[in-house]
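The block underneath contains the structure these notes are about, expressed in structure tokens.
Values in this document were obtained by computation on a predicted structure and should not be read as measured data. Below, read A as the first sequence line, B as the second, and so on, with proteins coming before strands; counting in each chain starts at 1.
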2 protein chains.
Amino acid sequence: MTPTRIKLDRGRGALGPALELVHTGRAPTRAVLTTELGVTRATAGAVATELQALGLITVDPRPHAASGAQGRPSHRLDIAADGPVVLAAQVHADGYRVALVGLGGRIVATAPACMTVDADPARIIGDAVAAGAELLRTTGRRCLGAGLAVPSAVAEPEGTALNPLHVAWPAGAPVHDIFRDCLTEAGVGVPGRCGNDVNLAALAEHRHGAGQGSHHLLCVATGHRGVGGALVLDGRLHTGSAGLALEVGHLIVDPAGRACHCGARGCLDVETDPLALLETAGVTPDPARSPLDQARALLAGDHPEAAAVTEAVAQLVDRLGQGLAAMVNVLNPDRIILGGLHQSLLAAAPDRLRSVVADRSLWGRSGSVPILPCSLGHNSLVGAAELAWQPVLDDPATALSAP
Amino acid sequence: MTPTRIKLDRGRGALGPALELVHTGRAPTRAVLTTELGVTRATAGAVATELQALGLITVDPRPHAASGAQGRPSHRLDIAADGPVVLAAQVHADGYRVALVGLGGRIVATAPACMTVDADPARIIGDAVAAGAELLRTTGRRCLGAGLAVPSAVAEPEGTALNPLHVAWPAGAPVHDIFRDCLTEAGVGVPGRCGNDVNLAALAEHRHGAGQGSHHLLCVATGHRGVGGALVLDGRLHTGSAGLALEVGHLIVDPAGRACHCGARGCLDVETDPLALLETAGVTPDPARSPLDQARALLAGDHPEAAAVTEAVAQLVDRLGQGLAAMVNVLNPDRIILGGLHQSLLAAAPDRLRSVVADRSLWGRSGSVPILPCSLGHNSLVGAAELAWQPVLDDPATALSAP
DNA sequence: TCACTTTGTGCAGCCGTGAAACAAATCCGG
DNA sequence: CCGGATTTGTTTCACGGCTGCACAAAGTGA
């Protein structure tokens, strides 16, 4: 009995970083893989061969376009079109959304978005997972993991959803356990992980969107109600010691502002959300429509009193700028990405917002941080997929051999 | 010509982590080194031998006290008493302070603290370095690096001191270059690095003081004027993308508060510094004495109107708690350490401070973060030494062979 | 067509670690 | 006092992951 094990020893340690480079689109060829990883061509070649053997990427021997450079053209590395996927789900106030997502953040298949409001987290998560399992059956793709985005802070390491303002859930819902149980029940035998939607959106934007290349990315977004923040440090989500970091909704941005349920006055949360825009512009909210939609309609010019809207926008932008400046002073990010209504406010008055942030932050230099809008559709969903991909990116060989 | 190189190959990769464990006092014996590093006894033994060969540690073959446990007693690992040192300097409003610091944060030699105020950063840093060079001459110790703590944010990567409020320097002083030039001039042929004093104090507390074991350590301190903050993430100082993070002095903690030079009202900076305490207690500051000393005298009971002092303390504690709560919501630390006047305020009204932070932070859980006083003397100085030790901790072999 | 440049691959070898066997030092129970 | 039991330190061997080098391959440009 010979102890002959197959010797695929070349480039196992660099496998994870290499896959991450391909995943984030920073390694189109073996040549750049060599320089980006800081290894020799031999190792990079072995890594590419290994990733190919695992079915994660394909190598296209045709020249990588006409690069115009001298020398032998490099082969293109592509994400395998029929490679494995992960199950990504997002739960929000109006229902849920499910998709299968491949490497590179590519949405491979989507179930029709479901619109319901359910006070029972187990039921809505169960429905979402069932829809995802159905997608897996019809497409026949191999599934390596599952991720869930919820509109609430998720406490680590217990995985309970704290203060889910935007859904009718009880506080402290054990979403992580529920998600895992639903996966088991639906016959999807993969581990599941949960995260806050804004956190996951930031992660997605960092890897595939407007945050690419940033080392200290701050992301702030308003959804239907409430403000969420996220910080991506050197490619990793910073969730604090217990998953509760970047709860920026209660920074005080207007000493004389509205009363907030937290007890203070003028919190970012109540000063820069859709309802605040409607109120300030003198519009009575229509309870039948989502405040975010109504606010966006206002910004799109759908209002007789344009002057009132302009003034309201100016006020919200000032408040938002004040809050962003506080975060800039504390976190010193190199880029800020805004989502939800904040993204619309940025579009409506970009110069004003940037100058407020610059004036209010301590050092001119850190105040000149670029402020950009989100660039991905469904970024929370893609972020949930990132959560599921993470174990594979950390150690592709074992993640693919395990099940 | 035989290519016989000496084969001291065992345990080179784990050398840095091992030294860090010894440095922070977490590896008293080879046995715990084995478990802490997660390597085999063979590797741990080789690492210890290598560190000994480098002259950084000594092995005491006598039993490590009477541990009471069964089995063969482990040998003690000690930091070499005559090992190399680094030059640490601290510049503050009243002058400078210099010391030679060994591994483990042990101050090996100190020059008498110098009390001068000089508007020229080159002169005072030059004096400090010269005093340090003299210490090196008299003690004859080998010097591996130099660190400087300044009372101002230090922009990375240029190394300029921004807004040095507490010394009479011009803004934008290139402290890093000045420090390097002074070292060269004084004949100390080692690289020098600069950092903010509160940042470095936090680093020192994390490695040798009240912050040991923390993964998300927040440190806030008031010196003579102004508030500084620092964050130590997983043992590494988080200075943001440009070295300007944790500039927490201008968080708004009292909407109706004092006007601040930054343009806003009620900034943490002006609401919780020594002058604020004196003013609130109705004491006219004596320009001949430092405000911090006067404030501390007040807290020590040196005042006829005790009730006024108690009330002033309560007010400052409330403001401080508000500011800390904002930081807790943004950063979610697992421990908070207070220095300077804030440390004294904590001592004067610990329960009140803790309850304000808990009430004001969003989730009760993150609000229950422990708040502790600094536990090291001269923590900025020791922190400056940590800065100088860092290259050695990262790669002991090359750091010691280079010069 | 012949340099020249850049990319991919095969081969030897080294460096750092783990596994296992062995030796050493102490406690414990007789 | 002596022989396990237990834990620690050392020695030896093997092996995985990488580098360095030589060479082949595939383009560009005079």
Side-chain angles (χ1 to χ4, degrees), chain A residues 2-18 27-53 57-77 395-398 401, chain B residues 2-18 27-53 57-77 395-398 401:
Chain A
T2 43
T4 358
R5 219 181 308 165
I6 298 135
K7 206 181 174 187
L8 35 84
D9 51 332
R10 295 294 279 281
R12 283 286 284 271
L15 214 54
T29 70
R30 267 186 274 228
V32 305
L33 195 62
T34 303
T35 61
E36 290 293 311
L37 285 177
V39 298
T40 57
R41 287 201 301 276
T43 306
V47 163
T49 309
E50 177 79 9
L51 289 178
Q52 205 176 2
I57 68 170
T58 58
V59 177
D60 185 347
R62 282 173 311 177
H64 170 48
S67 60
Q70 269 192 11
R72 172 178 172 176
S74 192
H75 300 170
R76 249 221 341 247
L77 304 180
D395 187 350
T398 54
S401 68
Chain B
T2 45
T4 358
R5 219 183 307 168
I6 299 134
K7 207 181 176 187
L8 37 84
D9 52 333
R10 293 297 278 279
R12 284 284 285 270
L15 213 55
T29 70
R30 267 186 275 227
V32 304
L33 196 61
T34 302
T35 60
E36 289 293 312
L37 286 178
V39 297
T40 56
R41 287 202 301 277
T43 305
V47 164
T49 310
E50 176 79 12
L51 289 177
Q52 204 175 3
I57 70 170
T58 58
V59 177
D60 186 346
R62 284 173 309 179
H64 171 49
S67 59
Q70 268 192 12
R72 172 176 173 177
S74 193
H75 300 170
R76 248 222 341 247
L77 303 180
D395 187 351
T398 54
S401 67

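- Two residues are said to be in side-chain contact when any heavy atoms from C-beta on lie closer than 4.5 Å; A/His75 and A/Arg30 meet this criterion.
- Under 4.0 angstrom from either OP1 or OP2 of C/dG18 there lies at least one side-chain N or O belonging to B/Thr43.
- Checking C/dT17, D/dT19, C/dA19 against every side-chain atom of B/Ala14, the shortest atom distance belongs to C/dT17.
- The nearest whole Å value for the distance from the CG atom in B/Asp60 to the P atom in C/dA25 is 14 Å.
- One distance of note links OG1 of A/Thr29 with CG of A/Asp60; it measures 12.0 Å at 0.5 Å rounding.
- If you measure from atom NE2 of B/His75 to atom P of C/dA25, you get 7 Å, rounded to the nearest angstrom.
- Residue B/Leu77 is tested with B/Val59, B/Leu51, B/Val32 for a side-chain contact (heavy atoms from CB on, under 4.5 Å); the sole match is B/Val59.
- The distance between atom CG of B/Leu37 and atom P of C/dG16, rounded to the nearest whole Å, is 15 Å.
- Following rounding to the nearest Å, B/Arg76 (CZ) and D/dT8 (P) show an atom-to-atom distance of 16 Å.
- Rounded to an integer number of Å, the gap from CG of A/Leu33 to P of D/dC18 is 12 Å.
- Of all heavy-atom pairs between A/Ala44 and A/Leu33, the closest is O-CD2, 4.1 Å.
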Pairs under 3.5 Å (N/O, protein and nucleotides 5-7 of chain D):
{"from": "D/dT6", "atom 1": "O4'", "to": "B/Gln70", "atom 2": "OE1", "distance (Å)": "3.3"}
{"from": "D/dT7", "atom 1": "O2", "to": "B/Arg72", "atom 2": "N", "distance (Å)": "2.9"}

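- Contact annotation: A/Arg30 does not reach the phosphate of C/dT7 (side-chain N/O to OP1 or OP2, under 4.0 Å).
- With rounding to the nearest 0.5 Å, the separation of CD in B/Glu50 from CD1 in B/Ile57 is 10.5 Å.
- Closest approach to the B/Ser74 side chain among C/dT9, D/dG9, C/dG18 is made by D/dG9 (side chain taken as heavy atoms from C-beta onward).
- Among C/dA19, D/dG20, D/dG9, the nucleotide with an atom closest to any side-chain atom of A/Ala42 is D/dG20.
- If you take CD of B/Glu36 and P of D/dT8, they are 13 Å apart, rounded to a whole angstrom.
- In this model, a side-chain donor or acceptor of A/Arg41 finds a partner on the base of C/dG8 within 3.5 Å.
- Between A/Leu15 and A/Asp395, every side-chain heavy-atom pair lies at or beyond the 4.5 Å cut-off.
- For A/Thr34 and C/dT7, the shortest distance from a side-chain N or O to OP1 or OP2 is not below 4.0 Å.
- Per the geometry, CG belonging to A/Leu77 stands 8 Å off P belonging to C/dG8, to the nearest Å.
- Every residue two or more places apart in sequence or in another chain that forms a side-chain hydrogen bond (donor to acceptor under 3.5 Å, both in side chains) with A/Thr40 is listed here: A/Thr43.
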